[in-house]
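Working notes for the structure below.
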Amino acid sequence: MDIKETLLKGIVAAVEQAVAEGVFPSDQCPEIILEVPPQKEFGDFATSFAMKAARAYKMNPRKIAEELASRLQGDWLEKTEIAGPGFINFYLKSDVIYDQLAAIIAAGSEYGNLNQENPPKIQVEYVSANPTGPLHVGHGRGAAAGSALVNLLRAAGYDVSSEYYINDAGNQIDNLAASVNARYLELLGKPTEFPENGYHGQDIVDTAKRIIKKSGDAYLKLEAAERLEVFKEVALQEKLAALKEDLAAFNVEHDVWFSERTLHPDAVKDACHFLQENGNVYEQDGALWLKSTAYGDDKDRVVIRDNGVPTYLAADIAYHRDKFVRGFDKVINIWGADHHGYICRVKAAVKALGYNPDDLEVMLLQMVSLYRNGELVKMSKRTGQSVTLAELIEEVGTDAARYFFIMRSLDSQLDFDLDLAKSKSNENPVYYIQYAHARICSIFRQAAESGLTMAARPKLELLTDESEITLIKKMAAYGEEIAYAASERAPHRIARYAHEIASDFHSFYNRCRIMGVDTDLAQARLALVGAVASVIRHSLGILGVSAPEKM
RNA sequence: GUGGCUGUAGCUCAGACGGAUAGAGCGGUUGCCUCCUAAGCAAUAGGCCGCAGGUUCGACUCCUGCCAGUCACACCA
């Protein structure tokens with residue numbers, strides 16, 4: 001069992017004993033929280049329990065600490081100290097950490113994967129950009145963060161399904177077809193007015209060119225409406241293929257691609273009927289309205305327009321109903337910050353459908369601002385002037401782009417410095433981590449050459465250097481970090497962790513040598529750095545960043 | 001106007017249900033390659049944690065108000 005849990009149980013037992021002896025009052029026991037102290041002189045773990053309990057117990061905190069410490073036992077415990085206003089500091093026996101290291105080594109590449117009994121089913125829907133043009137950098141943040149979150153949740157033992165919602169119904173798709181049509185006519189020398197809400201990107205021109213290359217002017221003979229239908233399908237298939245290609249190049253893969261069209265008309269109608277029967281929609285001015293105000297929205301929202309066409313919300317209601325019908329315990333949507341006003345009505349819809357709105361978690365990504373040469377790069381999807389994800393990957397590479405997107409908390413606006421990300425130098429944090437991994441691989445290559453082998457049972461207790469102890473403790477904390485980061489939905493914590501362990505390793509590397517020291521010590525160190533490499537690989541794997549063996 | 005997010009070192013940002021001297025990277029200064037990758041290490045300078053109140057033994061963290069930046073407030077998607 002994890003040493004922290006063991007310690008926690010020991011403390012609980014000590015408190016219970018004190019209560020049984022009448023030293024502590026029987027009720028009002030505050031929660032016991034163990035933390036790693038800010039300084040190593042304060043021990044391996046500490047708790048502020050005594051200070052928290054002081055009020056409830058009406059006792060002096062130092063007295064509480066003494067009573068607790070005197071009842072705490074365990075052969076893994078070196079000593080306890082009471083410090084400051086009433087902190088209890090715990091010092092573990094040194095062999096405890098060697099047991100931990102041995103367990104980490106034994107777990108191998110599985111170390112960092114947590115097991116949960118009856119893991120909750122979680123769905124993560126992310127990117128879901130309209131299939132009307134290439135992905136741009138904003139989608140890139142969603143793609144990186146979403147896939148990292150999926151990896152993180154899986155490592156934490158959840159049963160996760162990732163999904164892309166394809167908005168392949170509605171006006172924007174008609175605009176896509178009309179845009180392709182306009183380019184088609186234009187290229188064939190039959191100038192036409194470009195649709196007002198059309199897409200101006202080069203990709204639309206390219207699609208038109210490919211159509212001409214394949215079929216020439218054959219489609220000119222068709223009625224306009226027929227031609228638009230054909231172009232709609234061609235364009236949609238091309239866009240979807242391009243999206244998948246862009247995402248694949250970015251180490252992003254969705255388990256399910258969900259087409260909005262499949263919701264029309266039946267699922268949308270069913271959902272509306274359902275809401276009608278439980279009285280959550282009403283008709284007014286010829287339209288059908290969701291009573292979202294009953295669930296905290298500012299105003300009611302139209303679901304079916306007066307012309308009989310369902311709104312985007314109608315499809316989303318049907319879609320979210322479908323998600324819950326599929327049996328997910330938690331449904332996570334990753335949206336851009338510009339959609340925040342939409343959350344309330346979807347949650348209202350979820351509640352109106354009879355599900356718990358708290359089971360729908362919407363994570364908002366704040367905006368990305370690109371900087372090049374110190375200047376803001378303006379983005380506009382309409383005019384096709386934006387920097388696309390493909391261009392970003394081309395410019396800075398998948399590893400750097402993913403790391404830059406993930407390393408910041410999702411709810412802080414991101415300034416993405418292109419010049420920094422593409423600089424293949426020490427300014428770039430992703431290389432720092434990868435370099436640590438490459439160095440370890442290099443050590444193993446050298447060891448193999450010089451005949452140094454891994455010991456079956458390395459003498460880990462020889463690892464007594466400060467930097468070695470730091471590394472072991474850092475690795476021992478990885479599981480907890482995974483669990484916490486997953487529960488907080490905070491993949492950036494893993495980026496941080498990876499950087500920290502890389503830093504601990506580089507520090508070790510400069511203090512301790514492996515080749516040329518006593519064989520037992522060398523083998524122990526080899527085992528240590530092997531574990532470090534494994535943990536770095538695991539954490540980079542969550543981030544979707546490669547772990548090169550040479551740099 | 002209403003709502004969301006943000007405001008911490010020169011710059012970009014971390015900071016676990018309130019706790020012991022507020023952290024990292026970049027940038028600055030100073031050292032370290034006869035030795036496993038110097039894309040590295042070590043040391044050092046740099047902070048009214050936006051402002052003002054409040055709660056508490058204790059507040060960057062919680063509450064209230066204000067200021068600033070940003071995104072959004074459709075029978076568009």
Side-chain angles (χ1 to χ4, degrees), chain A residues 31 33 35-39 41-42 46 48 51-52 54-55 61 83-87 89 130 132 167 169-173 175 197 260 285-289 298-299 301-307 309-313 315-316 336-344 364-367 369 407-417 420 423-432 434-436 438-447 449-450 452 467 480-481 484-485 487-488 490 492-493 495-496 499-500 502-503 505-517 522 525 529 550-551:
Chain A
E31 193 188 351
I33 296 166
E35 56 191 38
V36 177
Q39 312 232 349
E41 297 82 61
F42 297 146
S48 57
M51 278 125 71
K52 290 216 164 61
R55 201 172 313 154
F87 288 100
N89 297 331
N130 284 342
T132 54
N167 294 121
N171 289 336
Q172 80 283 359
I173 291 296
N175 287 334
N197 295 317
E260 181 191 345
D285 304 329
L288 192 67
W289 298 71
D298 298 340
K299 52 180 179 177
R301 306 289 172 173
V302 171
V303 177
I304 309 286
R305 283 181 273 247
D306 55 11
N307 63 6
V309 177
T311 61
Y312 183 78
L313 178 61
D316 245 354
D338 52 343
H339 284 70
H340 98 266
Y342 199 69
I343 298 174
C344 193
L364 290 182
L365 300 174
Q366 294 300 315
M367 296 292 149
S369 303
M407 71 188 206
R408 300 300 181 213
S409 162
L410 298 187
D411 44 31
S412 80
Q413 285 157 222
L414 181 67
D415 287 343
F416 196 114
D417 184 339
L420 178 64
S423 72
K424 298 208 168 178
S425 72
N426 49 359
E427 294 167 333
N428 206 328
V430 64
Y431 294 112
Y432 181 86
Q434 293 178 319
Y435 187 52
R439 269 184 156 175
I440 295 171
C441 292
S442 175
I443 290 169
F444 274 94
R445 285 192 295 269
Q446 299 271 341
E449 272 177 35
S450 63
L452 179 64
S467 64
E480 196 187 348
E481 183 64 43
Y484 182 75
S487 74
E488 294 291 305
H492 75 275
R493 292 193 64 106
R496 189 161 205 82
H499 194 272
E500 284 170 0
S503 173
F505 168 76
H506 286 308
S507 187
F508 157 83
Y509 184 88
N510 275 270
R511 287 172 61 92
C512 303
R513 288 194 54 81
I514 292 171
M515 317 308 286
V517 299
R525 285 181 173 164
V529 299
K550 276 185 185 173
M551 286 173 74

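Per chain, numbering begins at 1; letters A, B, ... match sequence-line order.
B:rU34 and B:rG47 have their C1' atoms separated by 44 Å, with the value rounded to a whole Å. Distance noted for atom C1' between B:rG15 and B:rA59: 14 Å (whole Å). Across the C1' atoms, B:rG65 and B:rA22 are found 26 Å apart, a figure rounded to whole Å. Nucleotides B:rC71 and B:rA9 have their C1' atoms positioned 28 Å apart, rounded to a whole Å. The P atoms of B:rC26 and B:rC41 are separated by 8 Å, rounded to the nearest whole Å. Nucleotides B:rG10 and B:rC73 place their C1' atoms 38 Å apart, quoted to the nearest Å. Taking atom C1' in both B:rA72 and B:rG28, the straight-line distance is 41 Å, to the nearest Å. Taking the C1' atoms as reference points, B:rU55 lies 36 Å from B:rC11, given to the whole Å.
Relative to the side chain of A:Asp415, the nucleotides B:rG23, B:rA77, B:rC13 differ in distance, and B:rC13 lies closest. Listed candidates were B:rC41, B:rA39, B:rA77. Nearest to the side chain of A:Met551 is B:rA39. Ranking B:rA16, B:rC36, B:rC41 by closeness to the A:Glu480 side chain, first place goes to B:rA16. Of the candidate nucleotides B:rG40, B:rC36, B:rG15, B:rG15 has the atom nearest to the side chain of A:His492. Comparing B:rU12, B:rA77, B:rA20 by their nearest atom to the side chain of A:Glu260 picks out B:rA77.
Residue-level contact check: A:Ile33 touches the bases, meaning some heavy atom is under 4.0 Å from a base atom. If you check every strand for non-hydrogen atoms under 4.0 Å, A:Ser409 touches sugar and phosphate atoms only. Contact annotation for A:Asn307: no contact, since no heavy-atom pair falls under 4.0 Å across all strands. Nucleic acid contact for A:Ala46: base, since at least one base atom lies under 4.0 Å from a heavy atom of the residue. Within the nucleic acid shown, A:Cys441 has no heavy atom closer than 4.0 Å to any nucleic acid atom. At the heavy-atom level, A:Phe444 lies nowhere under 4.0 Å from the strands shown. Backbone-only engagement by A:Ser412 is indicated by non-hydrogen atom pairs under 4.0 Å involving sugar-phosphate atoms exclusively. When heavy atoms are screened at a 4.0 angstrom cut-off, A:Ala522 is found touching no nucleic acid atom at all. Note on A:Tyr312: a base of the nucleic acid sits closer than 4.0 angstrom, heavy atoms only. Contacts of A:Ser507 with the nucleic acid, taken as non-hydrogen atoms under 4.0 Å apart, involve only primed sugar atoms and P, OP1 or OP2.
By the rule that a glycosidic angle within 90° of 0 means syn, B:rC35 does not qualify and counts as anti. Nucleotide B:rC33 is shown with a syn base, its glycosidic torsion being within 90° of 0.
From A:Leu410, atom CG reaches atom CG of A:Leu364 across 9.5 Å, with rounding to the nearest 0.5 Å. A distance of 8.5 Å separates CD1 of A:Ile443 from CE of A:Met515, quoted to the nearest 0.5 Å. A distance of 11.5 Å separates CG in A:Asp306 from CG in A:Leu288, rounded to the nearest 0.5 Å. We find the OH-NE2 distance between A:Tyr432 and A:His506 to be 5.0 Å, quoted to the nearest 0.5 Å. Note that the CZ atom of A:Arg525 and the CG atom of A:Leu452 stand 12.0 Å from one another [nearest 0.5 Å]. For the atom pair CZ (A:Arg408) and CG (A:Leu365), the distance works out to 15.0 Å, reported to the nearest 0.5 Å.
Here the P atom of nucleotide B:rC32 and the CG atom of A:Asn510 are 14 Å apart, to the nearest Å. Atom CZ in A:Arg493 sits about 18 Å away from atom P in B:rC13, given to the nearest Å. In this structure, the CD atom of A:Gln446 is 5 Å from the C1' atom of B:rC36, given to the nearest Å. In this structure, the NZ atom of A:Lys550 is 16 Å from the P atom of B:rC36, given to the nearest Å. Rounded to whole angstrom, the span from the CZ atom of A:Arg511 across to the P atom of B:rC35 amounts to 21 Å. Rounded to whole Å, the distance from OH on A:Tyr431 to P on B:rC26 is 15 Å. Between A:Asp316 atom CG and B:rA77 atom C1' there is a gap of 10 Å when expressed in whole angstrom units. Distance A:His506 NE2 to B:rA24 C1': 14 Å, rounded to the nearest Å.
Under the Watson-Crick or G-U wobble criterion, with both distances below 3.5 Å, B:rG53 is paired with B:rC63. Base pairing analysis places B:rG47 opposite nothing; no Watson-Crick or G-U wobble pair with both distances below 3.5 Å involves it. Remark: B:rA24 base-pairs with B:rU12; criterion is Watson-Crick or G-U wobble with both hydrogen-bond distances under 3.5 Å. Using Watson-Crick or G-U wobble geometry with both donor-acceptor distances under 3.5 Å, B:rC73 finds its partner in B:rG1. With a cut-off of 3.5 Å on both Watson-Crick or G-U wobble distances, the partner of B:rU34 is given as none.
For B:rA77, one of the phosphate oxygens OP1 or OP2 lies less than 4.0 angstrom from a side-chain nitrogen or oxygen of A:Asn171. Residue A:Arg439 places none of its side-chain N or O atoms closer than 4.0 Å to OP1 or OP2 of B:rA39.
Judged by closest nucleotide on RNA chain B, A:Glu481 is the one of A:Glu481 and A:Trp289 placed further toward the 5' end. Nearest-nucleotide mapping onto RNA chain B: of A:Ser442 and A:Val36, the residue sitting toward the 5' end is A:Val36.
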Report the C-alpha distance between A:Ile440 and A:Tyr509 in whole Å, list the side-chain angles of each, state the deciding distance to 0.1 Å, and finish with yes or no for side-chain contact (heavy atoms from CB on, under 4.5 Å). CA-CA 9 Å; A:Ile440 295 171; A:Tyr509 184 88; over 6 Å; no
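Classification of the A:Phe505-A:Phe508 ring pair by plane angle, with boundaries at 30° and 60°, yields tilted.
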What are the atom names and distances for every N/O pair under 3.5 Å that joins the protein to nucleotides 58-62 of chain B?
none

Tabulated below should be each protein N or O lying under 3.5 Å from an N or O of nucleotides 71-73 of chain B; please produce it.
from   : atom 1 : to       : atom 2 : distance (Å)
B:rC71 : O2'    : A:Asp338 : N      : 3.4

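In this structure, A:Phe42 forms an aromatic stack with the base of B:rA20, since both conditions hold: centre separation below 5.5 Å and plane angle below 30°. The aromatic ring of A:Phe87 stacks onto the base of B:rA20, its centre lying under 5.5 Å from the centre of the six-membered base ring with the two planes under 30° apart.
Under the rule for a side-chain contact (heavy atoms from CB on, under 4.5 Å), A:Asp285 has no partner lying at least two apart in sequence or in another chain.
A cation-pi arrangement, defined by a distance under 6.0 Å to the six-membered ring centre and an angle within 45 degrees of its axis, is absent between A:Arg493 and A:Tyr484.
Looking at A:Gln172, its side chain does come within 3.5 Å of a backbone N or O of A:Asn167 through a donor-acceptor pair.
Under the 4.5 Å side-chain criterion, counting only non-hydrogen atoms from C-beta, A:Thr132 is not in contact with A:Asn175. By the 4.5 Å heavy-atom criterion applied to side chains, A:Glu41 and A:Asn89 are not counted as neighbours.
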